[in-house]
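One structure below.
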Amino acid sequence: LPPTMAEVKSGYFPPHQRQLHYVLIEDVHGLPEAQGKIAAILLYAHHHWGSDQAFVEGAFGRIGPPPFPIFSVDRGDLTANELLRRGLFSGGELAAALAYASPSGQRPSLDVVGMDDPSLYRRQLEVLEELMQIEEKAVARLRRQSHSWGYGRVDLLCRLIERRISPADFEREGQTPRPKMTDPLLRRAMEQADAYYRLTNLRSLNFARRTQTRRGRGPCLLVMGGFHAPALARILRAKGESYIVISPHLTQNDTQVHYQ
């Protein structure tokens, strides 16, 4: 894999397997550079590794053929390049569009398929919308508790509400008793944050179910947010499936913050 395209972060390869089964690609939603690199990774895997199946987060069925809908009412008359520049076009869509642009006009062998469950996805969006309405006030009130609860504890809770917590910190937070919260706004914010991450974990389990049947010569490609990747990696490792986790190479600063 060209280092200018992506870097390998982790992986697992049991001795009895001779070929790689899964490639987990960490997504940064809405970041144009990341979407362009993800499209390049999918097409590179298709042409060089023989991968003919890619599953993406945030979609519910097969992506394609164009306009599928690259040009929909909510996107107006913007070109694909302009949609990508504005963060309104995903790497999966771009890869599907380029795969369909073959001179032969035949259906390409690269299938880009959504792996989300509509009900889980929409439920999480509902929770997110409610949480975002109270997020700013809840974080401000939490910050005022730093002296009595400790800065580190408060910072972790704030990042939980703001959805900036890493998988490792999320697990650590769940193992630590929380301070008693008498403020109704704080209690509601924590309830919604817990619901958000509970739905995130349910979606990760659904991704594993949707992608357990592989086909083709090359590894199965999975594109998802960085929080889902560790959960999928644990599931695949428990099943004895080989995998690597890769991140698109980004030239912008603070890429680790993006992946959190």
Side-chain angles (χ1 to χ4, degrees), residues 22-46 51-76 78-101 107-129 163 196 199-216 218-229 231-232 235-236 245-248 258-259:
Y22 289 90
V23 176
L24 311 183
I25 306 168
E26 292 188 326
D27 194 0
V28 184
H29 307 305
L31 193 65
E33 183 183 13
Q35 301 312 311
K37 290 290 178 68
I38 287 171
I41 292 168
L42 296 181
L43 294 173
Y44 185 92
H46 176 52
S51 298
D52 59 8
Q53 198 173 37
F55 291 91
V56 296
E57 176 189 2
F60 313 127
R62 186 166 172 267
I63 298 177
F68 56 77
I70 294 179
F71 310 108
S72 57
V73 174
D74 59 324
R75 290 177 172 180
L78 299 175
T79 65
N81 284 338
E82 182 62 19
L83 288 169
L84 184 65
R85 189 185 69 82
R86 297 189 184 189
L88 301 174
F89 199 33
S90 72
E93 288 176 301
L94 181 57
L98 293 174
Y100 270 96
R107 174 180 170 178
S109 54
L110 174 63
D111 273 337
V112 182
V113 183
M115 59 181 173
D116 246 305
D117 175 84
S119 60
L120 284 175
Y121 184 80
R122 290 173 183 139
R123 174 56 183 148
Q124 190 171 37
L125 283 181
E126 292 171 358
V127 171
L128 175 61
E129 289 174 359
R163 298 151 332 271
Y196 178 86
L199 288 163
T200 297
N201 290 333
L202 288 175
R203 288 176 62 215
S204 295
L205 292 173
N206 179 67
F207 295 166
R209 287 193 295 269
R210 287 290 307 275
T211 59
Q212 63 184 349
T213 303
R214 298 182 302 105
R215 65 173 176 79
C220 181
L221 312 172
L222 277 63
V223 182
M224 70 204 77
F227 199 91
H228 293 287
L232 266 292
I235 293 171
L236 292 174
V245 179
I246 65 175
S247 297
H258 285 306
Y259 286 121

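Computed from a predicted model, the values in this text were never measured in an experiment.
Looking at every heavy atom in both residues, A39 comes nearest to G91 through CB-O, 3.5 Å.
Atom CZ of F207 and atom NE2 of H228 lie 4.5 Å apart (nearest 0.5 Å). In this structure, Y22 OH and T211 OG1 are separated by 5.0 Å, a value rounded to the nearest 0.5 Å. Distance CD1/I246 to CD/E26: 9.0 Å, rounded to 0.5 Å. Atom CZ in R163 sits 5.0 Å away from atom CG in L128 (nearest 0.5 Å). Atoms CZ and CG, from F55 and D111 in turn, are 9.0 Å apart once rounded to the nearest 0.5 Å. Rounded to the nearest 0.5 angstrom, F227 CZ and N201 CG are separated by 6.0 Å.
Of the possible donor and acceptor atoms, one in the side chain of S51 sits under 3.5 Å from a partner among the backbone N and O of P219. In this structure, the side chain of N206 engages the main chain of M115 through a donor-acceptor pair within 3.5 Å. Between the side chain of Q35 and the backbone N or O of V28 there is at least one donor-acceptor pair closer than 3.5 Å. The closest donor-acceptor contact from the side chain of Q124 to the backbone of Y196 lies under 3.5 Å. Judged purely by atom type and a 3.5 angstrom limit, D116 has no side-chain atom pairing as donor or acceptor with the backbone of E57.
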key: L110 vs L43, side-chain contact (heavy atoms from CB on, under 4.5 Å): CA-CA, chis, key distance, verdict   = CA-CA 8 Å; L110 174 63; L43 294 173; 4.1 Å; yes

Residues I41, V223; criterion side-chain contact (heavy atoms from CB on, under 4.5 Å); working and verdict | CA-CA 10 Å; I41 292 168; V223 182; over 6 Å; no

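Looking only at side-chain heavy atoms (C-beta outward), I38 and V56 stay at 4.5 Å or farther from each other. Inter-residue side-chain proximity for R122 and F60 is flagged as met; some heavy-atom pair is nearer than 4.5 Å. Using a 4.5 Å cut-off on side-chain heavy atoms (C-beta onward), L120 and R123 make no contact. Contact annotation: the side chain of L205 approaches that of I235 to within less than 4.5 Å [non-hydrogen atoms, C-beta and beyond]. No side-chain heavy atom of R203 sits under 4.5 Å from any side-chain heavy atom of D117. Here the side chains of R210 and V113 are in contact, with some heavy-atom distance below 4.5 Å.
L42 pairs with exactly one of L221, V23, L94 by the side chain to side chain contact (heavy atoms under 4.5 Å, CB included) rule, that one being L221.
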